[in-house]
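Just below is one structure, and these are the notes that go with it.
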Amino acid sequence: MTLDSRFAPGDVEPRLYTGWESAGSFACDPDSNAPPFTIMIPPPNVTGSLHMGHALTFTLQDTLVRWRRMQGRDALWQPGTDHAGIATQMVVERLLAAEGKDRREMGREAFLERVWQWKAESGGTITTQLRRLGASLDWPRERFTMDDGLSAAVKETFVTLYNQGLIYRDRRLVNWDPKLQTAISDLEVENREIKGSLWYLRYPIEGEPGQFIIVATTRPETMLGDTAVAVHPDHPVYGALIGKRAILPLVGRSIPIVADTYADPEKGTGAVKITPAHDFNDFEVGRRHDLPMPSVLDRQANITLEEIEDVLATGPDTAFVRSLAGQSRFAARSAIVAELERLELLEKIEPHVNQVPHGDRGGVPVEPFLTTQWYCNAGVLAKPAIEAVETGRTVFVPKQWENTFFAWMRDIQPWCISRQLWWGHRIPAWYGPDGSVFVAKDAADAAVQARAAYGRDEELVQDEDVLDTWFSSALWPFSTLGWPEQTKEVERYYPGDVLVTGFDIIFFWVARMMMMGLHMMGDVPFRTVYIHGLVRDEKGQKMSKSRGNVIDPLELIDSFGADALRFTICSLTGPGRDVKLGASRVQDYRGFVTKLWNAARFCEMNGMQPDPAFDPAGAKLPLSRWLLDTANTAVADATAALEVYRFDEYAAAGYRFVWNNFCDWFLELAKPLLAEGADPADAAEIRAVGAHVLGLILRLLHPSIPFVTEELWDRFGYGEPCSLIGAAWPDAVPVTDAAEARSELDWVIRLIGEVRSVRAEMNVPPSKPSPVLLRDARADVLGRVDRWIEAIRRLARASDVQVLTGDVPKGSAQAVLDETTIVLPLEGLIDIAVERTRLAKDRDKLVVDAKKMRQKLDNPEFVSRAKEEVVAENRERLASFEAEIARLQAALDRLE
RNA sequence: GGGCGGUUAGCUCAGCGGUAGAGCGUCUCGUUUACACCGAGAGGGCCGGCGGUUCGAAUCCGUCACCGCCCA
């Protein structure tokens, strides 16, 4: 063997990953008797490449999967990608544009062929990158949201929900993205604060020359489509105008002045213009008052006059209005404001900050647009999902996210599921010549339905639109398992155990999977939803291309190794916190990987080799038993942390055990026992225990740092190559007299610590060893001194350790350890004044503590009301403080 | 406007009724059977402000301030 002096992740990672993958180590086994453990990957967009958010979520998932797999669960981590309708279509359209082509010229079929071709060439980027991270996904089961099986699931669901009346067509306002020219759902709209203006417009009162009603608006360009003015019924001034009519400027339409509580008397003038076709609130007002709803913007949000032609035809002077036709909404706004000002119909302009809805993909302001779209009745589907979370059938971790989930679900709006795109699941609906709709899984089914309806064959045309990408994502937890076929996998792996994802897609995805899972499968899709934070840069800023602070996880992997990145992520992932991450943090945690590597090298150099015959329960040496006992604690801590998704505590438990217990003390204290001339039986036991615990460490840490642990496992021969991934998660081992071993090692560690501390404070150079004398030592301490003499010499720079029988030599430094006073005769090396100050400082600190303690115990309220054990504990502590003060004082007195 | 989260050592964060902690950084010292991506030691905190509950509050309650998200 002989390990290299440095761990070389770049060489090791690809080799081990290939080894695992080709051995089928990531595969679940539907025929096994082991209890299943299922995690569904949040399918990344097929257009995606690995970013830090992926690195975070997939590291956590892989850690959980590897851990459960080692615990003997039949783990399924289901991979796949999402067809990402808009994103993918945009990518391919951009490619086409570079070739001077346009999808509309190509036609639907040719375009889709091109997208599939793109997918075949470039769609695998992210899955390749996930391998670099070490993600142990069950690759042969990889799915794509538009593959045949998943498409069948989509059709099945659509048809079922349609037949149940839960999917329907409706003509109402939708959020329209004029750039992408498609409807989008409420969730795809983000409000941005825009500094704009509030324009006050004068609308003349019909039949009362010189009288006006003044309306305030943020969108003057839509006034062409106004069909009323609304005022609050109790409005002090305008209330009197209710029932009268106003003349819409420029257009000349006569519009009613209606009473509606929507008009807020506190806002603007208390009168608002009503444009039912271009504002969600106005649409409702329009419905209440039965107003006409002419659209004056087209699909590209340019002015169109088609629907107000009837009014314009009779109008007096419409040249200006006609000049607006085809202009953009922004140009029209300026023109209309200028014209109104010219006509002295502009009262005033106030600066105004308003929330302008933008499409999250297209990035331009969306327009409310009156069209017919397909909707899903989310209100009905939400109820069982809400109940499932209320009753704990699905639990969110951290729990506070349940509130977010409830808030959205209890006020859920109809979900617009149709999109005017080409790339996606085409809506399985066909129209007859008279517009009748036939919803079916395929054209043949639709034809059968049509024949029954018409009594003859009629030509049917399929709906041009596709479904919202999230519709297929909502089915992911069961569609990937083969549903609607009743497969073994559906039977065995649904519902999943845990969904791991970010809070940003609770509404988009988690809520919808809950709704669809409960409705179509009759059960929740997962028992637990673990919500993690966002990855931010080192300063806590969100990573974005525009800020230029994006960190590429692949570069971090290249520089520091996948293990370092993964361990950093685990360490920084506390509950409900964002993860602030920069290269320097990863570099820091690489130190841990290196430390582990070097500890293993030391083990190797000292002949620690795995021995399957070794039984740790038979270990005799206190050092062995202490290490095994401490390892038990580490395993218990790590396991408990993973059970509750405390990745930070899991990482910390491993870090502490490896660095602070195994390296700092076990290996150091083992050195004398392994040295030449030491007892061969003792040395043999230490080697065996060391090898045993190193193997335990590798198993304990494998879920978060799989590569370095597997490499060491293989090199030491703990098992066959690439077998650590399948090794058993460590259990506690019985340790004889653990408490006694703990007490002894605790004493040795504190003794060495005290001596080191005194020497450092007294500036004694390490090159000058000193005798260590023990005064007032108990009998059992003498045995310890005997057993640990070599270690103390080595680690405390002691020339010798002896019991002090006579007086304390002149010029000694002293320290107190339990009932023992440690004496370091350092005449000439230390300054007595400094030593006096040091001892006095230690004493005074204890005096302050003891005083606080005494005050507490002197308080009758405390003694009578506090828990008995707390009182007892305080009494003991006070006693030990007082004893130590006395010893420090005695030490001080001896200095005189 | 409503809701959620945060405010603890220079930085990043644990702790969430009973002696204020870790990692990193800082300072001092140091190459000794692995590791300078190392070892030893030290310093560093009115636990955001103000009230309250309690024998006891970083921890529970109220309130305010600031920061960050989400929804209107």
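In the text below, chain A, chain B and the rest are named by the order of the sequence lines, each starting its count at 1.
- Straight-line distance from the CG atom of A:N660 to the C1' atom of B:rC35: 15 Å, rounded to whole Å.
- B:rC55 atom P lies 10 Å from atom CG of A:N859, rounded to whole Å.
- A search for salt bridge (charged side-chain N to carboxylate O under 4.0 Å, His left out) contacts involving A:K851 returns nothing, not counting sequence neighbours.
- Distances from the side chain of A:K856 to the nucleotides B:rC24, B:rG18, B:rC55 place B:rG18 closest.
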Report task. Let me have a per-nucleotide readout for nucleotides 5-11 of chain B, 5' to 3', with B, S or -, counting only protein heavy atoms under 4.0 Å. Result -> SSS----
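- With both ends at atom C1', the span from B:rU7 to B:rG49 equals 11 Å, rounded to whole Å.
- In this structure, A:R838 reaches neither bases nor backbone, as no heavy-atom distance under 4.0 Å exists between it and the strands shown.
- Electrostatic pairing of A:E884 and A:R887 does not count as a salt bridge here, judged by no charged N lying under 4.0 Å from a carboxylate O.
- Residue pairs meeting the salt bridge (charged side-chain N to carboxylate O under 4.0 Å, His left out) criterion with at least one member in residues 583-602 of chain A, sequence neighbours excluded, do not occur.
- Nucleotides B:rA42 and B:rA9, compared at atom C1', are 14 Å apart to the nearest Å.
- Checking B:rA14, B:rU33, B:rU12 against the side-chain heavy atoms of A:K671 singles out B:rU33 as nearest.
- Checked by atom type and distance alone, the side chain of A:R793 never pairs as donor or acceptor with a backbone atom of A:A798 at under 3.5 Å.
- Applying the salt bridge (charged side-chain N to carboxylate O under 4.0 Å, His left out) rule to A:D279 yields no partners; only residues at least two apart in sequence or on another chain are considered.
- Comparing B:rC16 with B:rA72, their P atoms sit 36 Å apart, to the nearest whole Å.
- Using a 4.0 Å heavy-atom distance criterion, A:A866 is classed as a base contact.
- Residues satisfying the ring-ring contact (aromatic ring centres under 6.0 Å, His included) criterion with A:W788, sequence neighbours excluded, are absent altogether.
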Query - 5'-to-3' dot-bracket of RNA chain B (Watson-Crick, G-U; under 3.5 angstrom; crossing pairs as [ ]; | other strand) - result: (((((((..((((....[..)))).(((((.......))))).....(((((..]....)))))))))))).
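- Within 4.0 Å (heavy atoms only), A:C663 reaches at least one base atom of the nucleic acid.
- Remark: A:R219 engages A:E221, A:E367 in a salt bridge (charged side-chain N to carboxylate O under 4.0 Å, His left out) (not counting sequence neighbours).
- Between A:R854 and A:E882, at least one side-chain nitrogen of the basic residue sits less than 4.0 Å from a carboxylate oxygen of the acidic one, meeting the salt-bridge criterion.
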Which side-chain N or O atoms in residues 557-570 of chain A pair as donor and acceptor under 3.5 Å with protein atoms at least two apart or in another chain?
from, atom 1, to, atom 2, distance (Å)
A:D558, OD1, A:R132, NH1, 3.3
A:D558, OD1, A:R132, NH2, 3.0
A:S559, OG, A:E555, O, 2.9
A:D563, OD1, A:F707, N, 3.1
A:D563, OD2, A:V708, N, 2.7
A:R566, NE, A:S704, O, 3.0
A:R566, NH1, A:D62, OD2, 2.8
A:R566, NH1, A:L133, O, 3.0
A:R566, NH2, A:D62, OD2, 2.8
A:R566, NH2, A:P703, O, 2.9
A:T568, OG1, A:A564, O, 2.6

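- Across all strands shown, A:N606 has heavy atoms under 4.0 Å from base atoms, whether or not it also approaches the sugar-phosphate.
- On the C1' atoms, B:rA58 is 38 Å away from B:rA36, given to the nearest whole Å.
- Taking a cutoff of 4.0 Å between a charged side-chain nitrogen and a carboxylate oxygen, A:R715 and A:E711 qualify as a salt bridge.
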Query - Under 4.0 Å protein heavy-atom contact, by nucleotide of nucleotides 37-46 of chain B - B base, S sugar-phosphate only - result: BSSSSSS---
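- Between A:R877 and B:rU19 there is a side-chain N or O to OP1 or OP2 distance below 4.0 Å.
- Side-chain N/O atoms of A:Y655 include one lying less than 4.0 angstrom from OP1 or OP2 on B:rC24.
- Comparing A:R865 and A:P765 along RNA chain B, the residue whose closest nucleotide (by nearest heavy atom) sits nearer the 5' end is A:P765.
- Here the separation of B:rC46 from B:rC4, taken at their C1' atoms, is 29 Å to the nearest Å.
- Remark: side-chain polar atoms of A:E761 are not paired, donor with acceptor, to backbone N or O of A:V834 under 3.5 angstrom.
- Atom CZ of A:F396 and atom P of B:rC4 are 17 Å apart (whole Å).
- Residue pairs meeting the side chain to side chain donor-acceptor pair (under 3.5 Å) criterion with at least one partner in residues 683-692 of chain A, sequence neighbours excluded, are A:S624-A:E685.
- The pair A:D818-A:R750 meets the salt-bridge criterion, with a side-chain N (NZ, NE, NH1 or NH2) lying under 4.0 Å from an Asp/Glu carboxylate O.
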Please write out the pairs of protein N or O atoms and N or O atoms of nucleotides 67-72 of chain B separated by less than 3.5 Å, giving the distance to one decimal.
none

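- Test A:W401, A:F647, A:F396 against A:Y530 for ring pair (Phe, Tyr, Trp, His ring centres under 6.0 Å) and you get one pass: A:F647.
- Across the protein-nucleic acid pair, A:Y589 atom OH and B:rG25 atom C1' stand 13 Å apart, rounded to whole Å.
- If you take atom P in B:rG3 and the same atom in B:rG21, they sit 37 Å apart, rounded to whole Å.
- In this structure, A:K852 reaches neither bases nor backbone, as no heavy-atom distance under 4.0 Å exists between it and the strands shown.
- The interatomic distance linking A:N403 (CG) with B:rG3 (C1') rounds to 9 Å, in whole Å.
- Every residue two or more places apart in sequence or in another chain that forms a salt bridge (charged side-chain N to carboxylate O under 4.0 Å, His left out) with A:E873 is listed here: A:R877.
- A donor-acceptor contact under 3.5 Å links the side chain of A:E668 to the base of B:rA34.
- Nearest-nucleotide positions on RNA chain B for A:A675 and A:K580 put A:K580 closer to the 5' end.
- Minimum heavy-atom separation, A:A813 to A:I830: N-CD1, 3.8 Å.
- Atom P of nucleotide B:rA34 and atom CG of A:L669 are separated by 15 Å, given to the nearest angstrom.
- The NZ atom of A:K845 sits 13 Å away from the P atom of B:rU19 (whole-angstrom rounding).
- Heavy atoms of A:A600 sit nowhere under 4.0 angstrom from any nucleic acid atom.
- Per the geometry, CG belonging to A:D648 stands 15 Å off P belonging to B:rG23, to the nearest Å.
- Between A:D648 and A:R646, at least one side-chain N (NZ, or NE/NH1/NH2) sits under 4.0 Å from a carboxylate O, which counts as a salt bridge.
- Using P as the reference atom, B:rC47 and B:rC64 are 22 Å apart when rounded to the nearest Å.
- B:rU26 and B:rC11: their C1' atoms are spaced 11 Å apart (whole Å).
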